[in-house]
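This structure is a prediction, so every number in the text was calculated from the model and none was measured. Sequence lines set the chain letters: A, B, ... in the order given, protein chains first and strands last, and positions in each chain run from 1.
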Amino acid sequence: MTSSPLARLPAVLLIAGLLPAAAAAQGSGSATLDAVRGRGQLVCGVAGAVPGFSLPDSQGVMRGLDADGCRAIAAAVFGDANKVKFVNLSTENRFTALQSGEIDVLIRSTTWTLGREANLGGLFAGVNYYDGTGFLVKAAAGVKSARELDGATICVQPGTSTELAIADYFRNNNMKFTPLLIENRAELESAFLSGRCDTYSTDSSALATFRATQPKKEDFVLLPEIISKEPLSYMVRKGDDKWFDIVRWSYFAQLTAEEEGVTSKNVDEQLASTDPNIRRLLGTEGDMGKALALDNKWAYYIVKQVGNFGEMWDRDIAVLGVPRGINNLWTKGGLQYAPPLR
Amino acid sequence: MTQAAADPRYGAAPPPRRRWRLSWNDPRTRNLAVQAAAIAVVAAAVWYLAGNAGRNLAARHIATGFAFLHRVAGIPIAEQPIPYDPATSTFARALLEGVLNTLKVSLAGIVLATILGTFVGIARLAPNWLLSRLAAVYVEVLRDIPLLLQLLFWYTLLQTLPAPRQAVHLGPAFLSNRGLRLPGLVWQPAHSWAALAALAGVVLSVLWARRARARQDATGVRPPVWPVAVALIIGLPVAVWAVLGAPLGFDVPVRKGFGFAGGVTVSPEYAALLAGLVIYTAAYVAEIVRSGIEAVPRGQWEAAGALGLRRGAILRMIVLPQALRVIIPPMTSEYLNLTKNSSLAVAIGYQDIVSIASTTLNQTGQAIEGIAIIMAVYLVISLTISLFMNWYNARVALVER
């Protein structure tokens, strides 16, 4: 540098004046990413009341598949999976929270539908659980099939795709039902337990975990019918494509890691791997992280601190006795499939 | 007025009107300018907020407008005052169900809370020590427990009722944790005519009462009013019904499948909400009634007692009519509170307007429109109650002669 500080002053002033504009134009290119970095924390919308997905443990730490999904994004952005603030949302206020910018990403067992993607101003970034609507009944009721539910009272959360799926199913099968709609999940479940409803309906994953957490789970029967497709997805606001990429690829990175056999235990040894797929994933080769405006070791941090998708599953879902089923990797007969990370 | 006119100081010409000058020193100019500025600020704020919301909604590709009202709702509704089918009915219809459910619980709540509150308020002033203490405990305890907790209490209590298969028989009715299942009247055209006749009877009774008063003022003889009114309001519909063949049929509930078939249901959600609202609001009404009665000077009681009236008659004919003037304005607030508190229905699964509108805004993603509908509905209901109560207040207000 040859110019004196004084000579550079006008340029400095000019830059200072343009600072907000410059930040937008030359920052990461993502308003959400800039906001997250500026705040030093990812704000993630979760349910906060669903075992296996998001529920605080005895230490007050949020546990579950959705909560760990939030942590993976924080690990990708900050290299620190703990820089997450969890916001508990109900089925009814979740979209408003996302639309208004109160949260950066919504990971709350939210079903991907056309209507939601087209009307709500949101984009679905990845399916962390392929689910479907099921019915739970008390064994004492003697019901064996959902076809026998004509005239039943059904406990269901309002504002969900479940409530629409049930209406469709009963209409298709020429049956009638009475809904009991309570937003608060605990209140709804207590209404079912007290016998106010004949059956409790929601995503079969949540029914399975609810059944697993009951003192006598033999008293409850999960009916065989799955009456709808409920791909539970990550959701972000429309209009911030770079942020969408980061969220979606944080999830794909976890799938890729599982596919390649990279786990939180062996990830440090894998840094020395010669497999180009693993090298690209862990940032020892190529510029995948930089392309996302992240640290090139973004996926290393995710796997190291949160684990791959299978580890997340084993920790959060498998312990509740729910089989992996269609949520297995595509190589093992499931639907979980990540595009090539290259 | 005649006295005032007789006063020479007032008899003079009106004070000279100052000419309006376009100057800051003229108070009228100043007031106009300030008011215009205030309106401009409010309008600018509204315009800015609306524009800002519109731009942001467009930028986020969020649908706007009320077109969704004509789309098929698909959301199931448990309590249907008017027929509703999720497969074919629109969101507008679903929201109308919500409004009717809100009115159903609010109106019943207002009537019952007034009756219960009046009794408790009078009981608190009763000379019987036990009765007045009990009323005081009622008021103090129920005012202090948040309404939401009370609702959850009643709802949980109702859930402990037996299951439908072990339902309690109350004559032809069933009581279970699915609610109270009552025999329903099979509605026939004759009943509609009878209802119409009852309405006509009310109108005719009012006209007759006016005539009777005019006659009393003119001649001092009061023609009978009550017997005529009873004949018109009860006798006329019964006569119409009898002439049309006196059809009467009941839809008696029977056990079937998971619950019951036939009859009409009072759901536990409705019962819990109504009970919670009535019992909570009655505590406030009781205090208003008590303060109203205590505002009537003791001399009124003593004077009426000196005339030989009994306590009940004094209360009914002397004290309450005067107390009403004090009671009505705060009572209006309580009615409005009860109506707005009914939105806590969401917590116990009663589908009022807030519940259905928030489901709607969740399914359509149109939060601003959904909230606007809720606000408009409460505004209309509240203004209607206020207007009615203000009219009633003007009627019972002290007319000074």
Ranked by heavy-atom pairs below 4.5 Å to chain B, first place among I166(A), D240(A), L149(A), T96(A) goes to L149(A)
Any idea which of P158(A), G115(A), A191(A) has the most non-hydrogen atom pairs under 4.5 angstrom with chain B?
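Among the listed options, the one with the most contacts to chain B is A191(A).
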Given a strict heavy-atom distance threshold of 4.5 Å, which part of [X] is in contact with chain B: side chain, backbone, both, or neither?
X: Q99(A); result: both
X: D198(A); result: both
X: R237(A); result: side chain
X: D150(A); result: backbone
X: L180(A); result: side chain
X: C155(A); result: neither
X: T91(A); result: backbone
X: V156(A); result: neither
X: E187(A); result: side chain

Under the ring-ring contact (aromatic ring centres under 6.0 Å, His included) definition, can you give me all pairs with a residue in residues 135-171 of chain A, not counting sequence neighbours?
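The answer is F170(A)-F177(A).
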Pairs under 3.5 angstrom only: tabulate donor-acceptor contacts from the side chains of residues 222-229 of chain A to other protein residues two or more places apart or in another chain.
residue	atom	partner	partner atom	Å
E225(A)	OE1	A146(A)	N	2.9
E225(A)	OE2	S145(A)	OG	2.6
E225(A)	OE2	A146(A)	N	3.4
S228(A)	OG	T133(A)	N	3.3
S228(A)	OG	T133(A)	OG1	2.8
S228(A)	OG	E230(A)	OE2	2.6

If you count heavy-atom pairs within less than 4.5 Å of chain A, which of L152(B), T156(B), L161(B), I75(B) leads?
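Top option by heavy-atom pairs under 4.5 Å: I75(B).
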Rounded to the nearest 0.5 Å, what's the gap from CG on N93(A) to CG on L361(B)? Could you check?
9.5 Å
